[in-house]
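Below: one structure, written as structure tokens.
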Amino acid sequence: MRNLKIAVYVEHTPNNLAEAYAEISQLASITSHKTQAAKVIASMKTAIAQSIATKKLRKSSKFFHELDNTLYSATSSTFIGKVYADFNLTNIADGAATADDGGYPQLQSEYILKSDPQFIFLSDGEFGENAKTVAARPGWAGISAVAFNKVVILPSDIPSRWGPRLVDFYQFVGNSISTN
Amino acid sequence: MSGEELRSIWRWQITLFAALLLLVIALLGISFGPIHIPFTSILRSFLGMDSHLSEQDRSVLFDIRLPRVILAALVGSALATSGAVYQTVFRNPLADPYLLGAAAGAGLGATIAITNSHGNLYGLLPAFAFSGAILAVVVSFFISGKFFAEPNSLLLSGIAVGSFATAVQTYLQQRHSASLRPVYSWILGELTAASWQVVTWSAIYIGVALIILLIVAKQLDGLMLTDEEAYSLGINPNKIRVIAVIAATLATATAVAASGLIGFVGIVVPHLVRGLTHRVTNRALPTIAITGAAFLVLADLGARTLLSPAELPIGIITAFVGAPFFLFVLRRKRLINQ
């Protein structure tokens with residue numbers, strides 16, 4: 001496209017909030033929407049800060065983020081992992097961080113039982129996973145998150161939008177850990 | 001056939017040794033995991049003695065480790081035996097259970113189950129993989145037309161059907177990029193889905209297939225002769241070939257449906273057993289089945305422990321061992337032919 005003299009802008013997946021804000025600013029700068037972008041970023045920062053301030057756990061709780069039912073997960077080095085960390089949640093996948101530089105190791109079922117997470121976030125709900133199917137897995141009924149009904153199905157759309165809709169994800173996680 | 005003659009063909013001590021090896025490796029398999037369970041407690045538990053295991057330990061032992069070890073053994077025996085049978089039927093030492101498109105067909109079936117828009121077919125993944133594998137082999141037979149009258153024609157049909165299924169699978173993956181991870185994970189092979197339910201249906205299908213193959217093992221040796229010589233011994237070679245391929249395909253399709261695509265077991269194990277014992281006879285099939293079981297249980301132990309508490313796809317382990325072995329067999333065959 002550059003050879004055809006068509007301007008190209010490629011956005012890489014941001015790795016944290018600062019990079020997400022920077023990308024919004026950059027895009028706004030290119031499209032001459034700097035003022036609007038500043039407002040969007042300011043409102044995002046306020047909403048996210050408010051969500052964290054009101055919902056952050058006083059005492060850390062362990063959680064497991066499930067990408068699929070073969071137990072792939074995301075460590076705290078990923079963007080999604082950082083969102084959970086902002087709420088004082090401890091990621092059990094960090095115990096297997098050395099297995100995958102990209103931050104997405106496949107955990108063993110036995111390790112999840114041993115870790116006994118207080119929350120389980122399912123991003124594979126669209127593939128039929130839910131609290132019932134999780135409880136039916138061998139040994140999983142005894143996990144705290146399952147026993148105390150703290151298995152959360154993540155909306156398939158929200159967790160992968162690293163733009164202004166990040167606020168929705170922060171609010172969803174915050175509400176999930178406070179109301180469950 | 002007298003006992004002495006039979007002993008000159010195969011020695012039961014070899015089979016017994018393989019069985020003992022499987023037992024030791026299976027014990028290792030159920031002994032290691034992120035949760036430490038004392039070996040004495042495991043033994044006491046299996047012997048029906050008071051083992052003082054907690055509820056969680058019992059669940060880990062009997063609901064996670066044991067079904068997984070048994071499934072690995074079943075899949076390993078199915079793939080190894082099918083590989084040995086394919087090698088005999090096609091008279092090709094490099095033939096493997098996926099030769100007639102079973103792997104690609106199963107891959108397409110699994111991908112359809114994973115990528116369907118509403119996700120309600122995901123639970124049927126094993127059934128889709130199984131159907132895909134069977135269908136691909138049936139289509140290969142149908143296209144080749146004359147069954148084993150022209151084995152090369154059947155092989156080429158298998159390659160063509162496999163390529164077509166892979167092309168459709170790739171197209172579906174491109175259309176549903178969000179499903180790439182589960183598809184990729186399945187392709188690399190996994191025993192994470194092991195449960196007593198999976199073990200039960202796998203054991204039924206694989207058991208039936210292996211029994212059929214063991215029954216025709218003696219006649220399979222006739223396929224190493226010319227067809228005329230086989231007929232003179234009262235063996236109908238084409239009938240035996242069809243029975244053998246159907247049974248081997250049933251075993252392979254079940255293995256693939258239960259555990260994804262685990263490569264090289266069907267090549268490594270038959271050559272290992274035949275190479276170590278210097279016997280090409282299909283009387284070795286029980287030993288090949290047991291050794292295949294031991295090989296995959298050991299590979300799975302590696303998959304669970306090398307990066308623990310993370311999991312390594314078992315297909316990586318078998319390929320890591322199998323690919324160099326495959327090259328070794330290839331080179332050895334070339335040297336023999338020179």
Side-chain angles (χ1 to χ4, degrees), chain A residues 64-75 78 91-117 122-130 132-133 135-144 146-147 153-154 156-157 159-161, chain B residues 32-37 54-68 113-125 176-186 188-198 260 303-314 316:
Chain A
F64 167 55
H65 175 88
E66 177 172 300
L67 290 171
D68 63 36
N69 68 355
T70 60
L71 309 182
Y72 273 93
S73 190
T75 67
T78 63
N91 194 340
I92 66 166
D94 289 348
T98 53
D100 181 7
D101 289 343
Y104 298 98
Q106 185 182 22
L107 303 184
Q108 292 184 44
S109 180
E110 212 176 297
Y111 172 69
I112 295 166
L113 296 190
K114 184 184 175 188
S115 302
D116 190 26
L122 302 175
S123 64
D124 50 358
E126 63 178 315
F127 294 115
E129 296 302 327
N130 53 47
K132 202 174 164 187
T133 59
R137 295 174 188 169
W140 284 53
I143 293 177
S144 296
V146 178
I153 298 176
L154 295 168
S156 56
D157 211 21
S160 54
R161 306 291 178 189
Chain B
F32 288 96
I35 293 178
H36 173 69
I37 304 175
S54 67
E55 191 66 31
Q56 188 191 55
D57 287 349
R58 287 190 68 79
S59 183
V60 166
L61 192 58
F62 291 106
D63 296 329
I64 295 179
R65 289 187 195 170
L66 192 58
R68 184 161 173 157
I114 292 170
T115 58
N116 79 94
S117 56
H118 302 297
N120 51 3
L121 296 180
Y122 197 78
L124 297 173
L125 192 152
H176 302 85
S177 57
S179 306
L180 279 177
R181 182 186 294 282
V183 172
Y184 176 69
S185 171
W186 186 86
L188 284 175
E190 58 191 16
L191 289 160
T192 51
S195 66
W196 286 116
Q197 192 189 12
V198 178
R304 288 188 286 128
T305 52
L306 286 176
L307 295 176
S308 183
E311 184 117 15
L312 192 62
I314 191 170
I316 292 176

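Below, chain A is the first sequence line, B the second, and so on; all start at residue 1.
Of the two parts of Arg58(B), neither the backbone nor the side chain holds a non-hydrogen atom closer than 4.5 Å to a non-hydrogen atom of chain A. With a 4.5 Å cut-off on non-hydrogen atoms, Leu67(A) touches chain B through its side chain but not through its backbone.
Contacts of Ile316(B) classified as side-chain contact (heavy atoms from CB on, under 4.5 Å), with partners at least two apart in sequence or in another chain: Leu188(B), Leu312(B), Pro313(B).
Among Gln56(B), Glu311(B), Glu55(B), the residue with the largest count of heavy-atom pairs under 4.5 Å with chain A is Glu311(B). Per-residue counts of heavy-atom pairs under 4.5 Å with chain A were compared for Ser59(B), Ala310(B), Pro309(B); the largest is that of Pro309(B).
Nearest heavy atoms, Ser73(A) versus His65(A): OG-O, 2.6 Å. For the pair Ile314(B) and Leu191(B), the tightest heavy-atom approach, listed with the atom from each and the gap, is CD1-CD1, 3.6 Å.
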Table please: side-chain donor-acceptor pairs of residues 98-105 of chain A below 3.5 Å, with sequence neighbours left out.
residue: Asp100(A); atom: OD1; partner: Gly102(A); partner atom: N; Å: 2.9
residue: Asp100(A); atom: OD2; partner: Tyr104(A); partner atom: N; Å: 3.0

